[in-house]
Amino acid sequence: MTAPSKSGRPHLKLLIAAPRGFCAGVDRAIVIVERAIEKYGAPVYVRHEIVHNKYVVDNLRAKGAIFVEELDQVPDGVPVVFSAHGVPKAVPAKAEERGLDYLDATCPLVSKVHRQAERQVEAGRHILFIGHRGHPEVIGTFGQVDAGHMTLIETVEDAERFTPADPDNLAFLTQTTLSVDDTAAIVATLQRRFPAVHAPKGEDICYATSNRQSAVKAIASACEAVYVIGAPNSSNSVRLVEVAEREGTPARLIQRADEIDFDWLRDVRTLGLTAGASAPEILVREVIDQLRTQFEVDEEEVETARENIAFKLPRGLEPA
Ligand code: 0CH
Ligand code: SF4
């Protein structure tokens, strides 16, 4: 333990990364569910967790949202919202066929990747999609084009192994929430092997993902440990843990304050704190309050970027 203060609690310097927490796409997705409940009345169904955060999901459930994994779990005649991560084209098509009212909370930056996928296939290119197998965003993006036009690349080894039918007609796209550094290594491998590979216009990794990774990188080396608030199924949150660890600092993901391991913090004098794009600020405050029960906490926010992005709501859900 560090030297005790007058209060008897040891001192803890807390470096808090900024930006952290909610991004514009998450904000929009949550508002879509709330407005849908106001407009249609409860229940409103949501296909998949609207964002990967239990606190957010539980709150919306309390307001009248029902979360399901597949569209066939949605009864006829009730509205359904698609999550921020995006859905295969077959999902809205099926909803239309069933006459369901649906609201698409797919982040506009994910939708942008969907449109790029369509355009690349129209241009006759095979797509190398850099992402994590089984993630809903990956499933959604694969579902924008007919089977066989896209190959998943998860690692540099995958990029080294891939054998194209036509090396001159390739494009790559990526999941929005990847590690900036890992993705750069995969892209470099693809560009070395296939110099003609078509790159996306601008970055597919979104502004929120890269800002949160830069912010945690900026504090990690000054800390003896880092906590990232986020869910284990939250890709962008897990990436923040990895970024901190790459700086040589032990890092852990926690969902709530009750997961703080005070034993782990025994010799820590400077702790880093951040939150994934789906973790609300109230959970950051909850963690700090819990730390204050054991430490004399000295908070410092380290800001590496300012964000002022907001996305429009779908038609029909704008404020009156
Ligand atoms: O980071 P992932 O994609 O797992 O999703 P999340 O934790 O719900 O954060 C919001 C991003 C949603 C789509 O980019
Ligand atoms: Fe959109 Fe990026 Fe947020 Fe995902 S992490 S919802 S792509 S802004």
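As the structure lists them, so they are numbered: ligands from 1, and atoms in each ligand from 1.
- With respect to Glu259 and Arg256, no salt bridge is recorded, no charged nitrogen being found less than 4.0 Å from a carboxylate O.
- Under the 4.5 Å side-chain criterion, counting only non-hydrogen atoms from C-beta, Asn233 is in contact with Glu49.
- In this structure, Glu301 pairs ionically with Arg20, as a charged nitrogen and a carboxylate oxygen lie closer than 4.0 Å.
- Taking hydrophobic clusters as Ile, Leu, Val, Met, Phe, Trp and Tyr residues chained together by side-chain heavy-atom distances below 4.5 Å, Ile16 shares a cluster with Leu265.
- When only non-hydrogen protein atoms are considered, atom 14 (O) of ligand 1 lies nearest to Thr176 OG1, 3.3 Å.
- In terms of protein heavy-atom proximity, atom 13 (C) of ligand 1 is nearest to Ala84 O, 3.6 Å.
- Scanning all protein heavy atoms for the shortest distance to atom 8 (O) of ligand 1 gives His52 N, 2.6 Å.
- Under the 30°/60° scheme for interplanar angles, the aromatic rings of His52 and His135 are found to stand perpendicular.
- No part of Ala84 comes within 4.0 Å of ligand 2, judged by heavy-atom distances.
- Residue Val110 has at least one heavy-atom neighbour below 4.0 Å for each of these atoms of ligand 1: 14 (O).
- The single protein non-hydrogen atom nearest to atom 2 (Fe) of ligand 2 is Cys206 SG, 2.2 Å, given as residue, atom name and distance.
- Using a 4.0 Å cut-off between a side-chain N of Lys or Arg and a carboxylate O of Asp or Glu, Arg115 and Glu118 qualify as a salt bridge.
- With hydrogens left out, the protein atom closest to atom 10 (C) of ligand 1 is Val26 CG2, 3.5 Å, a heavy atom.
- No path of Ile, Leu, Val, Met, Phe, Trp and Tyr side chains, each step under 4.5 Å between heavy atoms, connects Ile66 with Tyr40, placing them in separate hydrophobic clusters.
- A salt bridge links Glu70 with Arg47: the distance from a Lys NZ or Arg NE/NH1/NH2 to an Asp or Glu carboxylate oxygen falls below 4.0 Å.
- Counting heavy atoms under 4.0 Å from ligand 1, residue Ser234 touches it through both backbone and side chain.
- With a 4.0 Å cut-off on non-hydrogen atoms, Asn236 touches ligand 1 through its backbone as well as its side chain.
- Shown in contact with Val51 at under 4.0 Å from a heavy atom are these atoms of ligand 1, numbered in order with element: 8 (O).
- Around atom 7 (S) of ligand 2, the closest heavy atom drawn from Val26, Thr176, Asp27 belongs to Thr176.
- The shortest distance between side-chain heavy atoms of Tyr45 and Leu100 does not fall below 4.5 Å.
- Within the 4.0 Å heavy-atom criterion, neither part of Gln175 lies near ligand 1.
- For atom 6 (P) of ligand 1, the nearest protein heavy atom (residue, atom name, distance) is Ser278 OG, 3.5 Å.
- In Glu49, neither the side chain nor the backbone holds a heavy atom less than 4.0 Å from any atom of ligand 1.
- Using a 4.0 angstrom heavy-atom cutoff, Arg239 does not count as in contact with ligand 1.
- In this structure, the protein non-hydrogen atom closest to atom 12 (C) of ligand 1 is His85 CD2, 3.5 Å.
- Checked by atom type, the side-chain pair Tyr55/Gln255 shows no donor-acceptor distance below 3.5 Å.
- Residue-ligand proximity: Asn233 is placed with a non-hydrogen atom under 4.0 Å from ligand 1.
- Salt-bridge annotation for Asp181 and Lys217: present, with a side-chain N of the basic residue lying under 4.0 Å from a carboxylate O of the acidic one.
- Side chains of Glu160 and Thr189 form a contact here, defined as non-hydrogen atoms less than 4.5 Å apart.
- Of all protein heavy atoms, the one closest to atom 3 (Fe) of ligand 2 is Cys23 SG, 2.2 Å.
- With 3.5 Å as the limit, one finds a donor-acceptor pair spanning the side chains of Thr176 and Glu137.
- For Leu109, no heavy-atom contact with ligand 1 is shorter than 4.0 Å.
- Taking backbone and side chain together, Cys107 holds no N, O or S atom under 2.8 Å from atom 3 (Fe) of ligand 2.
- Every atom of ligand 1 with a heavy atom of Ser235 under 4.0 Å away is listed here by number and element: 1 (O), 2 (P), 4 (O).
- Within ligand 2, counting atoms from 1 as listed, the ones closer than 4.0 Å to a heavy atom of Tyr207 are 8 (S).
- Under a 4.0 Å N-O distance rule, the pair Arg35/Glu318 does not qualify as a salt bridge.
- Of all atoms in ligand 1, listed by their number and element, those nearer than 4.0 Å to a heavy atom of Glu137 are 14 (O).
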